[in-house]
Amino acid sequence: MNWLMMKAMAVSAAGKLLAVETSILPDDFDIDKILKLILNILVYGLGAAAVLGVIIAGIQYMTARDDVAQVAKAKKRLIEIVIGLVAWALMFTVLNWLIPGGLTIS
């Protein structure tokens, strides 16, 4: 019996065993599929956050005019986004190296 698909057994009035489904996931949904789903959500979420951050930094840079502090904030934001993307790529590479078979995004 799969640990995600635990079934509670009940006895009816006639003495027959009845199986009761207690899982909210389909039968063919195992831990590999759950991890891939979480990984896909993280990858797409990271991409969306990075694009949004670059747009905000670009608007910040364009509206700064002669304000040196605003230009510095916009550049700092862009540098932090790049550092975040590099850190994610490094973590993804290390996980692919450590986990047998690697992580696949599909």
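Across every non-hydrogen atom of Ala57 and Arg77, the tightest pair is CB-CD, 3.6 Å.
The hydrophobic cluster containing Met62 does not contain Leu78, counting ILVMFWY residues as joined when their side-chain heavy atoms lie under 4.5 angstrom apart, directly or transitively. A single hydrophobic cluster is not seen to contain both Trp88 and Val82; linkage of ILVMFWY side chains at heavy-atom distances under 4.5 Å, directly or through other members, places them apart. In the hydrophobic clustering of this structure, Val43 groups with Leu85; members are Ile, Leu, Val, Met, Phe, Trp, Tyr whose side-chain heavy atoms approach within less than 4.5 Å, directly or through other members. No path of Ile, Leu, Val, Met, Phe, Trp and Tyr side chains, each step under 4.5 Å between heavy atoms, connects Leu90 with Ile83, placing them in separate hydrophobic clusters. Taken together through direct or relayed side-chain contacts under 4.5 Å among Ile, Leu, Val, Met, Phe, Trp and Tyr, Ile41 and Leu95 form part of one hydrophobic cluster.
Rounded to the nearest 0.5 angstrom, Lys76 NZ and Gln60 CD are separated by 10.5 Å. From Phe92, atom CZ reaches atom CG of Leu46 across 11.0 Å, with rounding to the nearest 0.5 Å.
Checking each of Ile56, Val86, Val54 against Ile81 for a side chain to side chain contact (heavy atoms under 4.5 Å, CB included) leaves exactly one that passes, namely Val54.
A heavy-atom distance below 4.5 Å is found between the side chains of Ile59 and Ile55.
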